[in-house]
Amino acid sequence: GTTCNGALTPKGSGAAGAPIVIDSYGTASAAPHIAGRGVPATIQLTNQEYWEIRNLEVTNLDPDVATRFTQPRRGVVIAVKDFGQADYFRIIGLNIHDVYGQNKKDLGGSGGIQLEVDASDVAAERVKSWFNDVVIADNRVVDVNRSGINMSSRWYCRFSTECYPGGLEWVGSTGLLISGNHVERTGGDGIVVQMNKDALVEYNTVLESANRFGNGSNAGLWAWNSDSTVFQYNEVARTKKLSDNNDGMAFDADFGTWGTVYQYNYSHDNEGGMILFCGCTTGGYAITATVRYNVSENDLRRIEFVAGGTQIQFYNNTIVLPNQQIPLNDVNQNGTSILVANNLWIAKTTVTDESTLNAAQNNILWRANAFSGPGGSWPADSSAVVIPQTLPLANAQGMDRFRINDSRLARKGIAISEPGVKDLYGGPVPSTCAPDIGAFQFSSVTDNCGLTSATIGAGASTANVPVRPNTTYRVKG
């Protein structure tokens, strides 16, 4: 329970199998408290590797109220510059709170936990640098400005992003796991993955992000300029959408991302909606993003902000709309190609939709959705299941409320999922046969799709023969 004031900036590096560890010890119930009291970073490692920082309380509160929110203030910073590959970092079990920095993000930005990759202004001194094998887990990050958990790199330039003066050719960090963190009341973004490959972000709770005016556009849990990021089993709620925030949603596949997956997440009561697909710059797109088997409940303003993406799939989600009229899709002219399929939409009142706006730039295809409730202006969907009544949720608690079992939804979707995909509850889903509509696969899963062989009689010119989707057939005779 000891409190140490000032910055903790230990030196040196560990080695593979022998990291340097900072941790609490003894039997005291309170964790050791590192109180920055207005330093740039309470804990910082620079050009070091093989470190573990565990089970500490970390604050950075300026004693002078007048200087709060005006200077760079961070809780934990891991920074490398012209270092090459920086290996093995563990930031686990920290209680980070009361870090009130200025409204700056990215390199030098303020917030709770920050990973930074910088480079010399002298070209001859530069060494491509990145992080490898980083785990940020089981931390509590509360009451910070600007970002909860963030990262940035000067090595960010590639075809799918803008490149500003000083930016360098893209280098992605690897082996990032962000898991089990509780992030609440951040002035800006909650958790952001940037310049990474194959990051996994799971089992996090992000509440009341973007709660401070002056931070611009922010969202709860999202990726920028990263490849193959998977977000799963996260809860994001009550993200704010203040007057200077164009976003304010739970999730965002932003420009420069490739292969982002959102699955098995719970989004609710976010003022800016569920998700953004953002081509928010000239030539920048969210490419091949997949949003499947998630739940949105009472998200406001819109469900999808369709603002620039290609090869987007939004399927088998359960959407419980708020008791107010909102557009299902909020569409702009940036250009988006998206398949919206197999989703269960539950409305308590009438809805609107903008899928047909800016038709020359956008291709928004609706297939095999279930529309429940008064609706009134449901999108055009030639294979929709329309249920005039508002379907009730299951008589259960928590996430089990979304185990909606209704025969009208059974096997009415189209086959999209690749083999191995599960539903929201971990059950198997068909990859060649028609799935149930929504995030819960309640029907049994079979490979034959209920089909039997068919024989066309000799001399017949035409015949109706049942076929299985995504299957090759050989015709003989």
Side-chain angles (χ1 to χ4, degrees), residues 69 102-106 109-111 145-148 150 152 156 160-162 164 183 185-194 206-226 231 236-257 260 262 267-287 289 291 296 298-310 312 314 322 324-336 338 352-355 357-358 361-362 364:
F69 303 104
Q102 62 188 11
N103 296 343
K104 184 181 186 300
K105 64 176 180 178
D106 300 329
S110 294
N145 192 68
R146 178 187 182 276
S147 306
N150 198 9
S152 192
Y156 71 89
S160 55
T161 63
E162 289 182 324
Y164 299 102
V183 178
R185 295 193 298 275
T186 59
D189 299 303
I191 299 175
V192 190
V193 173
Q194 302 188 67
V206 180
L207 307 176
E208 296 184 30
S209 298
N211 68 6
R212 182 173 173 80
F213 182 82
N215 279 313
S217 294
N218 300 273
L221 184 68
W222 60 286
W224 182 76
N225 202 10
S226 293
F231 296 91
V236 181
R238 303 193 298 277
T239 307
K240 305 300 180 184
K241 188 183 185 306
L242 305 181
S243 60
D244 66 328
N245 185 359
N246 198 44
D247 299 345
M249 62 284 297
F251 310 126
D252 171 13
D254 215 286
F255 70 93
T257 58
T260 307
Y262 283 96
S267 165
H268 63 98
D269 302 291
N270 297 286
E271 293 182 2
M274 179 188 182
I275 191 164
L276 163 66
F277 304 106
C278 183
C280 306
T281 183
T282 303
Y285 283 93
I287 302 173
V291 183
S296 166
N298 294 330
D299 284 325
L300 305 173
R301 179 65 177 83
R302 64 238 160 163
I303 299 303
E304 299 177 282
F305 187 10
V306 182
T310 183
I312 309 297
F314 184 91
Q324 60 180 263
Q325 188 181 74
I326 64 169
L328 308 185
N329 278 341
D330 179 5
V331 177
N332 71 11
Q333 71 282 358
N334 287 352
T336 300
I338 181 172
T352 63
D353 183 62
E354 298 181 357
S355 293
L357 294 183
N358 302 302
Q361 291 83 24
N362 296 299
I364 302 175

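Here the structure is a predicted model, which means the values were calculated and not measured.
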What's the spacing between Thr161 OG1 and Asn225 CG if we round to 0.5 Å?
-> 4.5 Å
Within a strict 4.5 Å, meaning less than it, do heavy atoms of the Met249 and Arg301 side chains meet?
-> no
Taken in chain and number order and not counting sequence neighbours, the residues that satisfy side-chain contact (heavy atoms from CB on, under 4.5 Å) with Leu357 are Glu354
Report yes if some heavy atom in the side chain of Thr260 is under 4.5 Å from a heavy atom in the side chain of Phe231; otherwise report no.
-> yes
From CA spacing to verdict: side chain to side chain contact (heavy atoms under 4.5 Å, CB included), Val192, Lys105 = CA-CA 11 Å; Val192 190; Lys105 64 176 180 178; over 6 Å; no
Can you tell me if Asn103 and Asn145 form a side-chain donor-acceptor pair at under 3.5 Å?
-> yes
Residues that Ser209 engages under side-chain contact (heavy atoms from CB on, under 4.5 Å), provided they are two or more places apart = Thr186, Val206, Thr239
Spell out, as yes or no, whether a donor-acceptor pair under 3.5 Å connects the side chain of Asn362 to the backbone of Asn332.
-> yes
Between Arg146 and Asn218, does any side-chain donor sit less than 3.5 Å from a side-chain acceptor?
-> yes
Kindly indicate whether the side chain of Glu271, heavy atoms from C-beta on, has any atom under 4.5 Å from the side chain of Asn245.
-> no
Could you tell me the separation between the CG atom of Leu242 and the CG atom of Asn211, rounded to the nearest 0.5 Å?
-> 7.5 Å
Any residue meeting side-chain contact (heavy atoms from CB on, under 4.5 Å) with Ser355, in chain and number order, not counting sequence neighbours = Asn329, Asp353, Ile364, Trp366
Electrostatic pair Glu208-Arg238, nearest N-O below 4.0 angstrom = yes
Start with the C-alpha gap between Asp189 and Trp222, add the side-chain angles, then the distance that decides, and say whether side-chain hydrogen bond (donor to acceptor under 3.5 Å, both in side chains) holds.
-> CA-CA 9 Å; Asp189 299 303; Trp222 60 286; 3.0 Å; yes
Just by distance, do the side chain of Asp299 and the backbone of Asn270 share a donor-acceptor pair under 3.5 Å?
-> yes
Rounded to the nearest 0.5 Å, how far does CD of Gln102 lie from CG of Asn215?
-> 10.5 Å
Flag side-chain contact, heavy atom, 4.5 Å: Ser296 against Ile303 = yes
Do Asn334 side-chain atoms and Gly279 backbone N/O form a donor-acceptor pair below 3.5 Å?
-> yes
Measure up the Trp224 and Phe255 rings against each other and bin them: parallel (under 30°), tilted (30 to 60°), perpendicular (over 60°).
-> perpendicular
All heavy atoms of Ala223 vs all of Tyr262, minimum pair found to be N-OH, 4.1 Å
Of all heavy-atom pairs between Gly273 and Ser267, which one has the smallest distance, and what is that distance?
-> O-OG, 4.5 Å
With side chains defined as the heavy atoms from C-beta onward, is the minimum distance between Phe305 and Asn246 less than 4.5 Å?
-> yes
OH of Tyr285 to OG1 of Thr336: how many Å apart, nearest 0.5 Å?
-> 7.5 Å
What's the spacing between Ser147 OG and Ile191 CD1 if we round to 0.5 Å?
-> 11.0 Å
Kindly assign one of parallel, tilted or perpendicular to the pair Phe277 and Phe314, based on the angle between their ring planes and the thresholds 30° and 60°.
-> perpendicular
Mind listing the closest non-hydrogen atom pair of Ile312 and Ala286 along with its distance?
-> CD1-O, 3.5 Å
